[in-house]
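One structure is given here, and the rest of the page talks about it.
Worth saying up front: this structure is predicted, and the values here are computed from it rather than measured.
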Protein chains: 2
Amino acid sequence: MLDKDEVKETIVNVARHIFSRFGFKKTTMDEIAIASRKGKSSIYYYFASKEEIFQAVVEKEASILKAELIKANLEAVSPAQKLKMHVLARMHTMEKLANFYSAIKDDYLSHLDFIEKIRKKYDQEEIQMMENILVEGVQNGEFEIEDTSLAAIAIVTALKGLEIPLFWGMEEKDLEHRLDNVIHILFHGVVKR
Amino acid sequence: MLDKDEVKETIVNVARHIFSRFGFKKTTMDEIAIASRKGKSSIYYYFASKEEIFQAVVEKEASILKAELIKANLEAVSPAQKLKMHVLARMHTMEKLANFYSAIKDDYLSHLDFIEKIRKKYDQEEIQMMENILVEGVQNGEFEIEDTSLAAIAIVTALKGLEIPLFWGMEEKDLEHRLDNVIHILFHGVVKR
DNA sequence: TATTCGACCATTTTACTTATTTAGTCGAAT
DNA sequence: ATTCGACTAAATAAGTAAAATGGTCGAATA
């Protein structure tokens with residue numbers, strides 16, 4: 001017997017899959033209901049509206065990224081390795097999640113406020129994770145950073161900048177090349193004085 | 001008496017202005033003709049099609065950026081200053097050109113091939129400009145870079161990543177903050193060993 | 001009590017037809 | 001060499017009726 005939250009999660013996963021094909025507008029509640037093997041009204045028992053399901057999917061996407069980043073962090077041992085793993089895990093996870101963002105391209109503007117809200121929240125968390133890595137590296141003697149807080153913001157900002165072309169379905173093939181560049185910047189810097 | 005190329009340039013400038021409001025599809029040749037104070041057929045005397053005008057506008061946008069970068073380069077004296085001026089000039093120019101790219105959002109996919117072609121060409125030139133700055137800095141003793149070629153690609157890639165949010169009309173207010181981060185990365189590096 | 005369901009409604013979207021606009025042409029005028 | 005008005009075929013917008021869709025409700029089920 002599944003409890004309420006488990007059913008909700010199942011529905012969210014099903015919806016995530018469907019939204020990833022043709023976006024928000026072109027997905028119907030009937031589709032979600034059928035794919036969830038439920039009556040439409042049952043879906044409405046768990047979620048108040050299509051919008052609410054959509055928002056749950058967006059949160060799910062964000063939490064998947066977060067989970068992958070935490071996993072990468074735990075697997076790596078040294079701070080330098082953590083940094084590298086973070087960058088790689090982030091980009092490869094975003095590559096997977098890109099389906100969804102690419103599909104909701106047309107619906108993006110009408111959900112901008114919510115999506116930005118979620119992303120800002122998770123950005124803060126990512127910056128915090130990054131700063132922890134950097135602080136550990138400094139204590140470790142592996143890194144030499146003046147302002148870890150600013151550096152964390154700089155790195156996460158750069159990573160966010162890199163992910164966007166992914167969403168719009170361009171230049172995916174260039175991902176590895178871009179990653180090399182980013183890691184090169186982070187590890188060797190570009191201009192040393 | 002204006003010669004042919006001057007008239008063409010006038011038309012392109014007028015068209016650039018009009019395309020920047022509502023994009024490609026929602027702009028009519030009659031509008032362009034009226035705004036150019038010409039008959040529609042006269043426009044067709046100078047350009048074979050609406051598409052051709054549009055492409056000329058795209059090239060114009062790219063060449064404006066290039067001109068601004070060259071100007072910034074000439075004004076700065078030291079390589080470090082050139083680097084900083086390049087970044088600032090690029091972002092502030094892109095902020096101005098963002099109108100256009102923001103307006104053609106809906107038409108972007110149908111002109112993707114041409115736009116990408118133009119951008120790739122100018123990217124190459126920008127990377128070359130950047131490498132010249134870096135090489136000069138190394139000779140100067142101001143910079144210490146292992147691979148100036150790779151560094152140039154890395155910097156330009158990072159700048160390109162940063163410009164995209166601008167096109168979609170988001171986070172413009174964060175531009176200065178983002179710029180600070182980028183300059184911080186470039187000048188101080190992030191992780192020094 | 002917690003959950004599922006079918007029947008139902010108001011609103012939105014689609015499919016289709018018709019009217020208008022638009023990209024592009026052509027021959028004459030300057 | 002350049003401009004223009006009149007013209008056409010094709011694309012787009014406007015209008016409308018039919019279908020689909022988001023969401024509700026009360027009864028049924030477990």
Side-chain angles (χ1 to χ4, degrees), chain A residues 1-58 103-111 113-115, chain B residues 1-58 103-111 113-115:
Chain A
M1 200 63 184
L2 296 168
D3 83 344
K4 197 164 177 176
D5 284 339
E6 283 174 317
V7 176
K8 286 185 77 167
E9 206 180 322
T10 307
I11 294 171
V12 170
N13 285 332
V14 168
R16 189 161 72 92
H17 190 249
I18 302 181
F19 281 136
S20 295
R21 291 186 312 142
F22 302 116
F24 181 80
K25 267 169 73 175
K26 292 191 177 174
T27 294
T28 70
M29 290 299 273
D30 285 310
E31 280 180 272
I32 294 173
I34 291 166
S36 306
R37 280 185 273 183
K38 293 245 178 318
K40 187 166 66 168
S41 302
S42 301
I43 304 295
Y44 278 96
Y45 175 72
Y46 294 101
F47 294 94
S49 64
K50 188 180 176 184
E51 180 68 27
E52 197 174 295
I53 297 179
F54 181 77
Q55 295 191 353
V57 171
V58 172
I104 63 162
K105 213 180 334 195
D106 294 339
D107 310 307
Y108 195 80
L109 285 178
S110 40
H111 295 89
D113 286 348
F114 179 77
I115 295 175
Chain B
M1 200 61 180
L2 296 169
D3 84 344
K4 198 164 178 177
D5 285 338
E6 283 174 317
V7 176
K8 286 186 78 167
E9 205 180 323
T10 306
I11 294 171
V12 170
N13 284 332
V14 168
R16 188 161 71 92
H17 190 249
I18 301 181
F19 281 136
S20 294
R21 291 187 311 142
F22 302 115
F24 181 80
K25 267 168 71 176
K26 293 191 176 175
T27 294
T28 70
M29 290 298 271
D30 285 309
E31 281 180 90
I32 294 173
I34 291 165
S36 307
R37 279 185 275 184
K38 293 243 178 318
K40 189 166 66 167
S41 301
S42 301
I43 304 295
Y44 278 96
Y45 175 72
Y46 294 100
F47 294 93
S49 64
K50 188 181 176 184
E51 181 68 28
E52 197 174 295
I53 297 179
F54 181 77
Q55 296 191 353
V57 171
V58 172
I104 64 162
K105 210 178 342 190
D106 294 339
D107 310 307
Y108 196 79
L109 285 178
S110 42
H111 295 87
D113 286 347
F114 179 77
I115 295 176

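Here the closest heavy-atom approach between residue B/I11 and residue B/I32 is recorded as CG2-CG2, 4.3 Å. In terms of heavy atoms, B/A103 sits closest to B/S20 at CB-O, 3.1 Å. Of all heavy-atom pairs spanning B/F19 and B/F54, the tightest one is CE1-CA, 3.9 Å. Closest approach of A/I104 and A/I115 over heavy atoms only: CD1-CD1, 4.0 Å. In terms of heavy atoms, B/E31 sits closest to B/K26 at OE2-O, 3.6 Å.
B/D30 places its CG atom 18 Å from the P atom of D/dA11, with the value rounded to the nearest Å. Per the geometry, CD belonging to B/E6 stands 12 Å off P belonging to D/dT2, to the nearest Å. Computed from coordinates, the A/D5 CG to C/dA2 C1' distance equals 14 Å when rounded to whole Å. Atom CE of A/M29 is separated from atom P of C/dT12 by 17 Å (rounded to the nearest Å). B/F54 places its CZ atom 18 Å from the C1' atom of C/dT22, with the value rounded to the nearest Å. Between the CG atom of A/D107 and the C1' atom of D/dG22 there is a distance of 15 Å, rounded to whole Å.
Among residue pairs with one or both ends in residues 25-51 of chain A, none qualify as ring-ring contact (aromatic ring centres under 6.0 Å, His included); sequence neighbours excluded.
When both pairing distances are held under 3.5 Å, D/dA30 makes a Watson-Crick or G-U pair with C/dT1.
Side chain to side chain, B/E51 and B/H111 meet the donor-acceptor criterion of an N or O pair below 3.5 Å.
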Show the distances under 3.5 angstrom between N or O atoms of the protein and N or O atoms of nucleotides 28-30 of chain D.
none

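With sequence neighbours excluded, no residue forms a ring pair (Phe, Tyr, Trp, His ring centres under 6.0 Å) with A/H17. Partners of A/E9 according to the side-chain hydrogen bond (donor to acceptor under 3.5 Å, both in side chains) rule, which considers only residues two or more places apart in sequence or in another chain, are A/K60.
Of the residues in residues 13-25 of chain A, not one comes within less than 4.0 Å of DNA chain C through any heavy atom. Interface residues of residues 35-51 of chain B facing DNA chain D, ordered by number: B/K38, B/G39, B/S41, B/S42, B/Y45, B/Y46; criterion, heavy-atom separation under 4.0 Å.
Residue whose closest nucleotide on DNA chain C sits further toward the 5' end, between B/T27 and A/K26: A/K26.
With hydrogens and angles ignored, the 3.5 Å screen pairs no side-chain donor or acceptor of A/D107 with any backbone N or O of A/G23.
At least one side-chain heavy atom of B/I53 sits less than 4.5 Å from a side-chain heavy atom of B/M29.
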